[in-house]
Amino acid sequence: MIRRFFCFICICLSGFVASVAGADGTGILPDSKLAARYFGNDAPWFEQNIPFFDCSDPQINQIYYYRWQLYKAHIKDIGARGYIISEFLDDVGWAWNPYQSLNDATAFHINEGRWLHDPRYVNDYIGFMYTGGNDRHFSESIAAATYGDYLVTGDPSVALKNLDSMIRIYHQWNDHYDASKGLYYIEPIADATEYSIASINASGGRDGFLHGDSFRPTINSFMYANALAISRLATLAGNTNASAAFAIDAEALRDNVETNLWNDNLQHFTDRYKANNRYVHYWDFINGRELAGYVPWAFELPGQDPRYNAAWTHLLTTNEFAGPYGLRTVGPGYQYYMRQYRYAEVNGVRQPECEWNGPTWPFDTTLVLDALANLLNDYHQDIVTPDDYMRLLKQYTQQHYLGGRPDLQEDYNPDTGKVIVGLPRSHHYNHSDYNDLIITGLVGLRPRADNMLEINPLIPADPHSPNAIGYFCLENVSYHGHLVTILYDRDGAHYHKGAGLSAYVDGQLALAAAPLGRQSIAIPAPVMDPAPDAVNLAVNYARKNFPVPSASTNNSSGDLYQAIDGRVWFYPNVRNYWSNAGSRAATDWYSLDFGVSRQVSSAQLFFYSDNDTFKAPRSYTIQYCDEDGNWKEVVDPQKSPGKPLANGENIVTFRPVTASKIRVLFTNPKNGTVALVEIKVYS
């Protein structure tokens, strides 16, 4: 009974979807062993939420699970507004305060998170972005990603709820629209790509951080995709006028990008200057190719005109984009290729800052692999193949390592593979996606609005290719409210389920072992049964008003608020905890003052351990302050696990109490320090 009770509590606290939890999936992979291997004590959250994966490439396996760990680390609890996804673990000066959110990588966050079993993380994040969170700090394709989320979940309610805000924000971008050209323009830094060709050239080669407004393939592709998504959502909402109007907008953007941003001389989609000064002139093309020229395909903007296929030859050319260690954002023929203009000073040492004049960026690599997957699935061409997709995916996989361990950074030198920026803020950077590429590309699950499961794995057919994948299994991915497993085993010897491609829906065989290639399988209608969401009462990311933290020791605000900032991770190279360092007492406590009486009945505690200095406490109790100012232990506490756990989740439930103050009192470990990463409290 206790075990079932705690499973129910975990589900309620996370907002887990009951329909998925209750569905019958497959048991081909050893999920519990994989979770323990890759996530240690934090395994339960991942067992409940992620689709498990296995393939013949061990590096892809490791980075697949690392990226889910990284994603969870970037989930930020903001209390009554739910969850958002961050870009940096640490605070940065240009983020939108007090949330520390940024909108440039939001589409990636949605694309990645839509595959979690619990939809609340992405649902809340979409709602946040459409209730003030999208400050248009950067160009974005959030409406398109929101529609893409619907294609996975089969549930349009979240998208339709925010449709009016989508339309409003879309029209706000008219301040970057040139009606005479029918195109959007933007300053490269507002396109999240400072020191691009346009901005460097507009400065005469002297700078490039600001200025250089241009008509870019990027923002115009984003706006095309957003218009198309709004049109399709308006159709679902029964708004035929809006649907028709946005379909017209999308088609006009497509025509104008194809007509005006295709550069016949460079055989590529390139910027044209909006800026006009002594260095650059309005409507001239920039004088070089950029990786950003592939972004139109990431949203299937170009038509089937075969002349556009020529652009893809540059992707494979070693003196263009194909660097030995990553895709170059600008080819080495550009006169300012890899020139370092900007630096940051860290502890008196000058370190390079972000630039897009050649470095390889996971951000652009993600978009290119999305574009390449679309090209291979939906276009007619003979330049690139699934072998190229896998080769570039493997190259991108290798970029995730730093000193032999997974730690994704901001950007890299494509010619040496070394990290360029490497600032303290750069660790475990969430400015791209990866697992969505595995699911939609390598495995080939292509999301659709209808009740069809489409599969087209992008792996080489030649078993002798160095990029070949001999087997893979994506198990129990949530798709349209069903649990789907997709399995490929070249000779049937690995999984013993037959040779070829197989698929299961809710545990039932839906596709018997078949040859590689596109497969379409009818599936039942979407199943929707959301569980109620719990609200964390112990959040104060703004460090103002209530709740107010205090502790028996180390009462600096910089330390105290770390434990109620809504962020949970256990990375040793990025601190995120309050600790009782220096304490010689047998017990210590951490307290919260809510300012008003609150009913509470459960809590979650997260302790950090480095297996050296920091350790879990020997024991802990939850206490509340009664009306007379006395601290009392809560009644009938039930803990999971029974003993304090470090680098994972500790859940304690108890009889409801009403109090304005609560605290956790813990017994200190022998020869160790307690580090409290986060405390969460629920009514």
Side-chain angles (χ1 to χ4, degrees), residues 29 31 33-40 42-43 45-46 49-75 85 87 89 105 108-109 111-116 325-327 360-370 372-373 389-412 414 417-419 422 426-445 457-459 466-475 477 486 488 569-574:
L29 300 180
D31 293 0
K33 290 182 179 179
L34 288 169
R37 174 184 175 186
Y38 288 107
F39 308 119
D42 206 24
W45 185 93
F46 296 94
N49 277 287
I50 71 170
F52 279 77
F53 176 74
D54 172 55
C55 80
S56 57
D57 188 304
Q59 282 192 331
I60 290 177
N61 289 340
Q62 183 177 29
I63 299 307
Y64 176 85
Y65 291 107
Y66 164 69
R67 286 301 296 249
W68 281 127
Q69 182 189 65
L70 180 149
Y71 193 89
K72 179 178 181 286
H74 283 273
I75 295 174
I85 313 300
E87 179 177 325
L89 291 179
F108 293 145
H109 302 157
N111 288 344
E112 201 90 311
R114 62 184 174 164
W115 300 107
L116 292 172
Y325 293 93
L327 292 173
T360 180
W361 281 82
F363 181 99
D364 263 8
T365 300
T366 300
L367 285 167
V368 170
L369 285 169
D370 279 334
L372 183 51
Y389 182 89
M390 280 307 307
R391 177 176 56 81
L392 293 174
L393 181 64
K394 287 187 174 186
Q395 185 183 64
Y396 178 31
T397 300
Q398 291 164 2
Q399 286 182 349
H400 285 72
Y401 292 93
L402 181 66
R405 294 187 175 187
D407 186 353
L408 186 63
Q409 300 284 304
E410 293 187 59
D411 66 343
Y412 302 84
K418 293 182 178 180
V419 172
S426 303
H427 293 291
H428 311 292
Y429 187 44
N430 193 28
H431 191 237
S432 57
D433 70 45
Y434 179 85
N435 290 338
D436 185 68
L437 299 172
I438 298 295
I439 295 169
T440 63
L442 187 158
V443 174
L445 199 171
L458 297 181
I459 61 176
N467 304 306
I469 296 294
Y471 58 84
F472 68 72
C473 178
L474 177 71
E475 184 162 54
V477 63
I486 302 170
Y488 171 72
W569 66 78
F570 308 107
Y571 293 126
N573 49 4
V574 188

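Nothing fancy with the numbering, it's 1 onward along the sequence.
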Practice item. Could you grab the distance from atom NE2 of His400 to atom CD1 of Ile60, nearest 0.5 Å is fine? Key: 11.0 Å
Review point. Which residues satisfy the salt bridge (charged side-chain N to carboxylate O under 4.0 Å, His left out) test with Asp57, sequence neighbours excluded?
Key: Lys394
Exercise for review: Taking all heavy atoms of Tyr38 and all of Gln62, pick out the closest pair and write down the distance.
Suggested key: CE2-CA, 3.8 Å
Point to revise | Heavy-atom check, side chain of Phe39 versus side chain of Gln69, under 4.5 Å | key: yes
Point to revise | Flag, side chain of Tyr571 to backbone of His428, donor-acceptor distance under 3.5 Å | key: no
**Study point:** Residue pair Ile50 / Phe52, side-chain heavy-atom distance below 4.5 Å
**Key:** yes
**Study point:** Shortest non-hydrogen separation from Tyr396 to Leu437 and the atoms involved
**Key:** CE2-CD1, 3.8 Å
Review point. Below 4.5 Å, heavy atoms only, C-beta onward: do Phe46 and Leu34 meet side chain to side chain?
Key: no
Check your understanding: Of all heavy-atom pairs between Tyr429 and Glu87, which one has the smallest distance, and what is that distance?
Key -> OH-OE2, 2.8 Å
Exercise for review: Give the intermediate values and the outcome of side chain to side chain contact (heavy atoms under 4.5 Å, CB included) for residues Tyr71 and Asn435.
Suggested key: CA-CA 10 Å; Tyr71 193 89; Asn435 290 338; over 6 Å; no
Exercise for review: Look at the side chain of Thr360 and the backbone N and O of Tyr412, then say whether any donor-acceptor pair between them is shorter than 3.5 Å.
Suggested key: no
Review point. Got a second to check how far Asn430's CG is from Ile75's CD1, nearest 0.5 Å?
Key: 9.5 Å
**Study point:** Residue pair Leu474, Tyr64: steps toward the side chain to side chain contact (heavy atoms under 4.5 Å, CB included) verdict
**Key:** CA-CA 11 Å; Leu474 177 71; Tyr64 176 85; 3.9 Å; yes
Revision key, fill the gap. Tightest non-hydrogen contact, residues Ala468 and Ser56, listed as O-OG, 4.4 Å
Review point. Does Pro414 reach the side chain of Gln395, with side-chain heavy atoms less than 4.5 Å apart?
Key: no
Practice item. Step by step, work out the side chain to side chain contact (heavy atoms under 4.5 Å, CB included) result for Asp436 and Asp370. Key: CA-CA 9 Å; Asp436 185 68; Asp370 279 334; 4.2 Å; yes
**Study point:** Separation between CG of Asn573 and CZ of Arg405, rounded to the nearest 0.5 Å
**Key:** 9.5 Å
Practice item. Would you check if Trp68 and Trp115 make a side-chain contact, meaning some heavy-atom pair closer than 4.5 Å? Key: yes
Revision key, fill the gap. Between Tyr434 and the options Ile439, Leu393, Leu70, Thr365, the side chain to side chain contact (heavy atoms under 4.5 Å, CB included) test singles out Leu393
Point to revise | Close side-chain approach of Ile469 and Pro457, heavy atoms under 4.5 Å | key: no
Practice item. With the side chain counted from C-beta on, respond yes when Gln59 and Gln398 share a heavy-atom pair under 4.5 Å apart, and no when they do not. Key: yes
Practice item. Rounded to the nearest 0.5 Å, what's the gap from CG on Asp411 to NZ on Lys418? Could you check? Key: 14.5 Å
**Study point:** Expected output: side-chain Gln409 to main-chain Val419 donor-acceptor under 3.5 Å
**Key:** no
Check your understanding: Should Glu475 and Asp54 count as side-chain neighbours, where that means a heavy-atom distance under 4.5 Å?
Key -> no
Exercise for review: Start with the C-alpha gap between Asn61 and Phe53, add the side-chain angles, then the distance that decides, and say whether side chain to side chain contact (heavy atoms under 4.5 Å, CB included) holds.
Suggested key: CA-CA 7 Å; Asn61 289 340; Phe53 176 74; 3.7 Å; yes
Review point. Looking at Tyr389 and Leu442, what are the two nearest heavy atoms and their distance?
Key: CE2-N, 3.9 Å
Study note, to complete from the structure: Nearest heavy-atom approach of Lys72 to Asp42 is NZ-OD2, 3.0 Å
**Study point:** Separation between CG of Leu402 and CG of Leu408, rounded to the nearest 0.5 Å
**Key:** 10.0 Å
Point to revise | Interatomic distance, Thr397 atom OG1 to Tyr66 atom OH [nearest 0.5 angstrom] | key: 12.5 Å
Practice item. Say whether, by atom type as modelled, one donor and one acceptor occur between the side chain of Trp569 and the main chain of Leu89 under 3.5 angstrom. Key: no
Review point. Quick one: side chain to side chain contact (heavy atoms under 4.5 Å, CB included) partners of Tyr325, sequence neighbours excluded?
Key: none
